[in-house]
Amino acid sequence: MEEFSTGTDPRVPAVKPDSKPSSFEEVPLEAASAAVSEDAEVDKDLLCPICMQIIKDAFLTSCGHSFCYMCIITHLRNKSDCPCCSQFLTNNQLFPNILLDKLLKKTSARQISKTASPVEQFRQALQQGYEVTIKELDNLLSLLAEKKRKMEQEEAERNMQILLDFLQCLRKQKVDELNEIQTDLQFIKEDINSVERHRVDLYRARDRYSVKLRMLGDDSSTRKPWSSSMDKNNSGIVSSSLNIRGGMPAGNLQNKKIDGKTQLSGHVSQRKDALSGADSQGFNQSGLSVARKKRIHAQFNDLQECYLQKRRQLANQLHIKQESDKNVIHREGYNAGLADFQSVLSTFTQYSRLRVIAEVRLGDLFHSANIVSSIEFDRDDELFATAGVSRRIKVFDLSMVLNEPADVHCPVVEMSTRSKLSCLSWNKHWKNHIASSDYEGIVTVWDVTTRQSLMEYEEHEKRAWSVDFSRTDPSMLVSGSDDCKVKVWCTKQEASVINIDMKANICCVKYNPGSSNFIAVGSADHHIHYYDLRNISSPLHVFSGHKKAVSYVKFLSENELASASTDSTLRLWDVKENLPV
């Protein structure tokens, strides 16, 4: 306690501004390093030989060694010797080392004071009885108040800066959104004007066409009464002359008048029928228009994104001339983006349902063994094969199914398999070759003519969901499985030639129809991975948009890829431009 009252200990902060600890000025570097090394030696001597930590509750043995009480008691339960010198030792030969405990307490206090902050040291000094005058306390309080005010000022400035940064970032984001909305509104305004002008032109053309039709109708109707009146006049003259000469009787003249009236009424009825037919056609057209509008409103958000994407893309590529593109509809006042979107919108609203032209009846529809998992057409679209949980590949003649309705259709070829089938793929070069994947992970290549398997690949560890032959290289096929692996096979080899490890289950794999180097993979991670098989370290593109597993992918062309997902949506992608269509 007296050490702290002198006020010379360097661990206690100086109270007076001009007072400085003399130890920092007078102790040379050599003495300081010697003190540090001495402290290090003391620390080593204060370690317990058993736990190698600072001794707690020091106890001394009869042979002169000190240990932690719990350490030496635990040791003596197993052995009866000293851990340091192996001398015989029992619990009765242990004694408390009071002096070492005091030294340890002082050492621990010294270590705490070295690592403690100046504020903590000052607090400890006050708690231990350090005397401070009122004037010194006033100076300390004023310093602390000034320090507090400065810290509060800095904290307030930091908070204001953070708030300002947030507001500026928010303003920039909203300004960008506003500019984008204004640009979109300008696009919409221009397109509305273009559509209105084109609509007026269509109405004028229709009116001109209607006028022409009316003029033609009027000409035909006026000619007949004129000719009939002329006939009447002529017939009157002739009849009068004949009557005078004693020729044609009056009864024949009455019959001719009746025939003229009949022809005139028939012509009027034909015009009425034509008008009523036009009215019914207009009614049907209005009903069709309402149905198409309903489809548009049902998919309005997706169509809106499609429209804005095409218009923005065109605005960013004004330097590209699209006049040479024959697929783009060019109209006066139309731009390529609007014409392209009109083509999409017309195609989207043109069809509303599929028409059934034939049914393949396999027996009881509600029996689980008749569930079909895959349907595949051959190279010439003359045969198609079905497969499913029945463990059979059934090949049907398409013309027979279309032209010969029956209660139950019999396949022309049937092949039995060991497991339930998940997918089929017909070779587009060799018509008699078809590949299958099953629930045991086996990929099999079959010969439809001999009904025998040609190759079996059993590398997949779980259910194989998909298999596909390459259109450009008939010896190559690819498969995907629940073991998160995509494997590429060659019918000339017994093992896979390429293996791609992915992080999620594989639902479907398809070759690009234009090249055997590119494949599309539908995965349970909600994405479509597009790979170049010449570099499988990472996918060439990853298409995101589905909210659930992508269960099916199919190429519509070399650049267009369609996908289906368990989120009940179909999506179209451009694999060349890496864009959703």
Side-chain angles (χ1 to χ4, degrees), residues 1-15 20-132 140 144 147 151 461-462 482-484 501 503-504:
M1 300 296 287
E2 295 179 356
E3 295 177 356
F4 294 103
S5 63
T6 57
T8 59
D9 195 331
R11 292 172 299 175
V12 180
V15 177
K20 296 182 180 180
S22 59
S23 57
F24 290 102
E25 299 175 352
E26 298 176 356
V27 177
L29 182 61
E30 294 80 0
S33 60
V36 171
S37 62
E38 183 180 357
D39 289 340
E41 293 296 332
V42 171
D43 290 341
K44 290 181 180 179
D45 292 337
L46 297 179
L47 298 180
C48 173
I50 297 177
C51 66
M52 300 305 297
Q53 302 292 330
I54 295 178
I55 298 176
K56 297 180 181 178
D57 296 332
F59 266 69
L60 184 66
T61 64
S62 58
C63 55
H65 299 100
S66 296
F67 303 92
C68 297
Y69 175 74
M70 292 304 300
C71 291
I72 190 61
I73 288 296
T74 304
H75 175 77
L76 292 178
R77 289 175 184 172
N78 301 322
K79 295 182 179 180
S80 298
D81 59 354
C82 176
C84 293
C85 61
S86 300
Q87 184 177 345
F88 179 76
L89 187 64
T90 62
N91 292 339
N92 296 330
Q93 295 174 323
L94 299 176
F95 309 100
N97 195 339
I98 300 174
L99 179 60
L100 183 58
D101 275 338
K102 291 182 179 181
L103 291 175
L104 289 172
K105 290 179 180 179
K106 289 184 178 180
T107 302
S108 61
R110 192 182 300 113
Q111 293 292 334
I112 293 174
S113 63
K114 287 181 179 180
T115 57
S117 63
V119 176
E120 183 65 24
Q121 293 177 3
F122 183 64
R123 187 183 64 79
Q124 291 178 0
L126 291 178
Q127 289 178 351
Q128 294 175 3
Y130 181 75
E131 295 180 357
V132 183
L140 287 175
L144 292 174
K147 181 67 175 177
M151 292 178 66
E461 300 172 0
K462 294 183 179 180
D482 271 342
D483 59 5
C484 307
D501 289 327
K503 297 181 180 179

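Quantities reported herein were computed from a predicted structural model and do not represent experimental measurements.
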J.: Run the side chain to side chain donor-acceptor pair (under 3.5 Å) test against Asp81 and tell me which residues pass, sequence neighbours left out.
T.: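 Testing Asp81 for side chain to side chain donor-acceptor pair (under 3.5 Å), a comparison that skips the adjacent residues, returns His75.
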J.: I want to check something: taking the side chain as every heavy atom from C-beta on, are Ile72 and Asn91 in contact at a cut-off of under 4.5 Å?
T.: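 When only atoms from C-beta onward are counted, Asn91 and Ile72 do not touch, as no gap falls below 4.5 Å.
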J.: Hey, could you give me the CE/SG distance between Met52 and Cys68, rounded to the nearest 0.5 Å?
T.: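 So the CE of Met52 and the SG of Cys68 are separated by 11.0 Å.
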J.: Would you indicate whether the side-chain heavy atoms of Leu104 and Ile54 approach each other to under 4.5 Å?
T.: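 Yes, side chains in contact.
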J.: Please identify each residue that fulfils side-chain contact (heavy atoms from CB on, under 4.5 Å) with Asn92, with sequence neighbours left out.
T.: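 In terms of side-chain contact (heavy atoms from CB on, under 4.5 Å), with neighbours along the sequence ignored, Asn92 is linked to Thr90.
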J.: Check side-chain contact (heavy atoms from CB on, under 4.5 Å) between Thr74 and all other residues, then give those that pass, not counting sequence neighbours.
T.: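 Partners of Thr74 under the side-chain contact (heavy atoms from CB on, under 4.5 Å) test: none.
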J.: Does Ser66 have any side chain to side chain donor-acceptor pair (under 3.5 Å) partners at least two apart in sequence or in another chain, and if so, which?
T.: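 Result, side chain to side chain donor-acceptor pair (under 3.5 Å) vs Ser66: Asn97.
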J.: Nearest 0.5 Å, please: how far is CD in Gln93 from OG in Ser80?
T.: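 Going from the OG atom of Ser80 to the CD atom of Gln93 covers 9.5 Å.
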J.: Under the ring-ring contact (aromatic ring centres under 6.0 Å, His included) test, which residues partner Tyr69, sequence neighbours left out?
T.: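 By the ring-ring contact (aromatic ring centres under 6.0 Å, His included) rule, Tyr69 matches Phe59.
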J.: Side chain to side chain donor-acceptor pair (under 3.5 Å): which pairs involve residues 50-65, sequence neighbours left out?
T.: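 For residues 50-65: none.
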J.: Using the side-chain contact (heavy atoms from CB on, under 4.5 Å) criterion, which residues pair with Gln87? Sequence neighbours excluded.
T.: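 Result, side-chain contact (heavy atoms from CB on, under 4.5 Å) vs Gln87: Cys63, Cys85.
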J.: May I ask you to test the Phe67-Cys82 pair for a side-chain heavy-atom distance under 4.5 Å?
T.: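 Touching, per the 4.5 Å side-chain cut-off.
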J.: Less than 4.5 Å apart, side chain to side chain, heavy atoms only: is that true for Asp101 and Ile55?
T.: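 The answer is no, as the side chains (C-beta and beyond) never meet within the 4.5 Å cut-off.
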J.: Are side-chain heavy atoms of Leu100 and Leu46 found at a separation under 4.5 Å?
T.: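 Yes; the side chains approach each other to less than 4.5 Å.
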J.: Excluding sequence neighbours, so at least two apart, what forms side chain to side chain donor-acceptor pair (under 3.5 Å) with Asp483?
T.: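 Partners of Asp483 under the side chain to side chain donor-acceptor pair (under 3.5 Å) test: His460, Ser481.
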